[in-house]
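Worksheet: the structure to be examined is printed underneath.
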Amino acid sequence: MKISIQINASPYQYQAADTAWHFIQAAIAKGHEVYRVFFYHDGVYNAHRDSRPPGDERDIVKRWSSLQLEHDVGLVVCVSSAQRRGLLEQSVALKVGGYEQALANGFRIAGLGLLMEAVIESDRHITFGA
Amino acid sequence: MKTLFFIVNKSLQGNVCGQEFLDMALMAAAFDQKVVLLFEGEGVNALVKNQCPDSMELKNIVPVLNALPIYDINDVLVEEESMDVWGLVEEEFEISVNALSRKAIKEQLNLADHVFSF
């Protein structure tokens with residue numbers, strides 16, 4: 001089955017990002033295809049490169065980067081949600097004088113069109129976080 | 001073409017996600033999907049006339065509501081039971097809606113390919 005995922009909540013405050021990550025691991029292990037993970041609303045904080053949790057805690061951001069690296073799952077951050085929250089794409093940051101390295105490895109910034117494409121292409125679209 | 005249900009079940013003020021949620025519905029319509037908007041629970045208040053969110057420097061959704069037909073979004077459902085709870089009648093709404101019972105809405109929901117809420 002082709003599955004797309006949407007994450008609406010920030011990491012560390014809500015369990016949505018953890019649950020989604022475990023769900024994706026299980027889905028891949030069962031042979032399903034995870035087409036895309038789309039980060040919306042406060043979910044964009046999952047892409048924050050400078051997140052540094054204490055050493056004895058799971059590193060949510062790194063976990064996403066590894067998922068992309070190991071399974072080639074597209075990690076897409078909503079551009080308008082991200083810009084509102086100060087997470088800028090490098091080219092935009094250069095233009096407006098913002099921080100250029102905001103996004104962690106494996107994430108890319110795009111519009112809602114990529115969310116809709118994922119919804120249309122997938123057999124199931126599952127949202128985590130209110 | 002898929003049928004996508006977007007359920008507004010929270011007030012659009014107090015939860016600022018509402019604006020980004022409606023963006024999603026409009027984008028779905030722009031992708032030629034069949035979009036159904038459902039207002040229920042506290043969400044029915046979003047339709048009430050004469051709101052001034054500008055006084056809180058929040059965006060008014062009325063222009064979006066009025067633009068729905070331009071996006072080919074013609075199915076705007078409101079749950080009758082929720083209208084009763086909040087003491088609202090259709091005449092108080094900014095746009096014309098299709099008020100349906102919870103049971104009738106459930107039948108329509110069964111036809112949806114995807115259901116979104118916020």
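FYI, side chains are in, hydrogens and waters are out, and symmetry mates aren't considered; it's all heavy atoms of this structure. Letters A, B, ... mirror the listed sequences (proteins, then strands); counts begin at 1.
With sequence neighbours excluded, the residues that form a side-chain contact (heavy atoms from CB on, under 4.5 Å) with A/E57 are A/Y12, A/P53, A/P54. Residues that satisfy the side-chain contact (heavy atoms from CB on, under 4.5 Å) test with A/A82, not counting sequence neighbours, are A/V44, A/V77, A/L87, A/I109.
A donor-acceptor pair under 3.5 Å is formed between the side chain of B/E42 and the backbone N or O of B/S11. With hydrogens and angles disregarded, no donor-acceptor distance shorter than 3.5 Å links the side chain of A/E89 to the backbone of A/V79. Judged purely by atom type and a 3.5 angstrom limit, B/E92 uses its side chain to pair as donor or acceptor with the backbone of B/V89.
Remark: of the listed residues A/F38, A/F107, A/Y40, A/F39, A/F38 is the sole one forming a side-chain contact (heavy atoms from CB on, under 4.5 Å) with A/V76.
How far CG of A/N46 is from CG of A/L103: 12.0 Å, rounded to the nearest 0.5 Å.
Of all the listed residues (A/G111, A/S122, A/S80), the one sharing the greatest number of non-hydrogen pairs under 4.5 Å with chain B is A/S122. No other option in A/E117, A/R124, A/H125, A/M116 has as many heavy-atom pairs under 4.5 Å with chain B as A/M116. Chain B forms the most heavy-atom pairs under 4.5 Å with one residue out of A/V119, A/D123, A/N8, A/D42, and that residue is A/V119.
Heavy-atom proximity under 4.5 angstrom to chain A picks out B/H114, B/F116 from residues 101-117 of chain B. Of all residues in residues 26-34 of chain B, those placing a non-hydrogen atom less than 4.5 angstrom from a non-hydrogen atom of chain A are B/M27, B/A28, B/F31, B/Q33.
Remark: the A/D50 side chain and the A/Y99 side chain contain an N/O donor-acceptor pair separated by less than 3.5 Å.
Shown here for A/S65 and A/A104, the closest heavy-atom pair between the two residues is OG-CB, 4.0 Å. Annotation for A/R36 and A/L114: closest pair NH1-O, 2.6 Å, computed over non-hydrogen atoms.
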Between B/F39 and B/F93, does a ring-ring contact (aromatic ring centres under 6.0 Å, His included) hold up when you go through it step by step?
-> CA-CA 12 Å; B/F39 293 85; B/F93 291 153; 8.2 Å; no
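Both the backbone and the side chain of A/I120 come within contact range of chain B, judged by heavy atoms closer than 4.5 Å.
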